[in-house]
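Notes follow the structure.
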Amino acid sequence: SSGINAEWPLRPGVENEEALMKPQKAGKELKIKCDLDLDNVKLDDPKNPDNVNWYKVTEDGEELMDDSDTIGIERGRGVYILVFKNPTPEDTGTYRCEFDQMGMEVSDDVTIEVV
């Protein structure tokens with residue numbers, strides 16, 4: 001039986017999770033790096049930052065993050081990166097890096113505190 005689900009990608013990991021456990025300084029650029037190991041998945045464009053979706057997880061559900069004046073969504077050196085260009089305490093919360101393509105869905109969450 002052939003099929004893309006022969007082997008699932010590894011659960012994405014937040015590469016800099018340990019550093020993010022400490023409170024982050026407001027106004028100082030902040031990056032969440034999501035390391036997604038997709039050895040067995042042939043993506044059309046592996047360098048496309050949109051291969052993953054970033055969400056802010058709230059009590060009301062997930063809020064999709066978009067590129068904006070304050071948020072950057074990047075791809076570099078094998079990781080997907082959510083950039084807070086000028087973080088504020090309002091950015092405190094839980095963020096999810098999610099891969100949802102080709103019948104596979106994997107995600108990882110990280111919580112940050114901006115002070």
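Each residue takes its place number in the sequence, starting with 1.
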Can you tell me which residue among Asp109, Asn53, Asp108 is in a side-chain hydrogen bond (donor to acceptor under 3.5 Å, both in side chains) with Arg96? Asp109
Under 3.5 Å, side chain of Lys33 to main-chain N/O of Gly76, donor-acceptor pair present? no
Quick check: is Val83 connected to Tyr95 through a chain of hydrophobic side chains (ILVMFWY, heavy atoms under 4.5 Å apart)? no
When every non-hydrogen atom of Met102 is compared with those of Lys42, the smallest separation belongs to CE-O, 3.2 Å
Sorted by chain and residue number, the side chain to side chain contact (heavy atoms under 4.5 Å, CB included) partners of Thr92 (sequence neighbours excluded) come out as Glu113, Val114
Is it the case that more than 12 heavy atoms not belonging to Asp69 sit under 6.0 Å from its CG atom? no
Contact check, side chains of Gln24 and Asp91, non-hydrogen atoms, under 4.5 Å: no
Please check: side-chain N/O of Asn51 versus main-chain N/O of Asp45, any donor-acceptor pairing under 3.5 Å? yes
Gap between atom CG of Asn48 and atom OH of Tyr80 - 0.5 Å precision: 7.5 Å
Work out which heavy atom in Pro23 is nearest to a heavy atom in Val115; give both atom names and the distance. CB-CG2, 3.9 Å
Apply side-chain contact (heavy atoms from CB on, under 4.5 Å) to the pair Ser68 and Asp66, showing each step before the final yes or no. CA-CA 6 Å; Ser68 69; Asp66 277 322; 5.7 Å; no
Please check if Ile112 and Ile81 belong to a single hydrophobic cluster, counting links between Ile, Leu, Val, Met, Phe, Trp and Tyr side chain heavy atoms closer than 4.5 Å. no
Gap separating the CD atom of Glu105 from the CG atom of Asp100, nearest 0.5 angstrom: 4.0 Å
4.5 Å side-chain heavy-atom contact, Cys97 and Trp54: yes
Nearest 0.5 Å, what's the CG-CG distance between Asn16 and Leu30? 8.0 Å
Does Tyr55 have any ring-ring contact (aromatic ring centres under 6.0 Å, His included) partners at least two apart in sequence or in another chain, and if so, which? none
Rounded to the nearest 0.5 Å, what separates atom CG in Asp44 from atom CD in Gln101? 8.0 Å
Exercise: identify the closest heavy-atom pair between Glu74 and Lys31: OE1-NZ, 4.4 Å
Is there a path of hydrophobic side-chain contacts, each under 4.5 Å between heavy atoms, that joins Met104 and Leu43? yes
The test is side-chain contact (heavy atoms from CB on, under 4.5 Å); show your working for Phe84 and Ile32 and say whether it passes. CA-CA 8 Å; Phe84 297 84; Ile32 300 176; 3.9 Å; yes
Look at the side chain of Asp35 and the backbone N and O of Glu15, then say whether any donor-acceptor pair between them is shorter than 3.5 Å. no
More than 12 heavy atoms of other residues, nucleotides or ligands under 6.0 Å from NZ of Lys25: is that the case? no
Same apolar cluster (I L V M F W Y, side chains within < 4.5 Å links), Met65/Val57: no
Ile73 versus Leu82, closest heavy-atom pair with distance: CG1-CD1, 3.9 Å
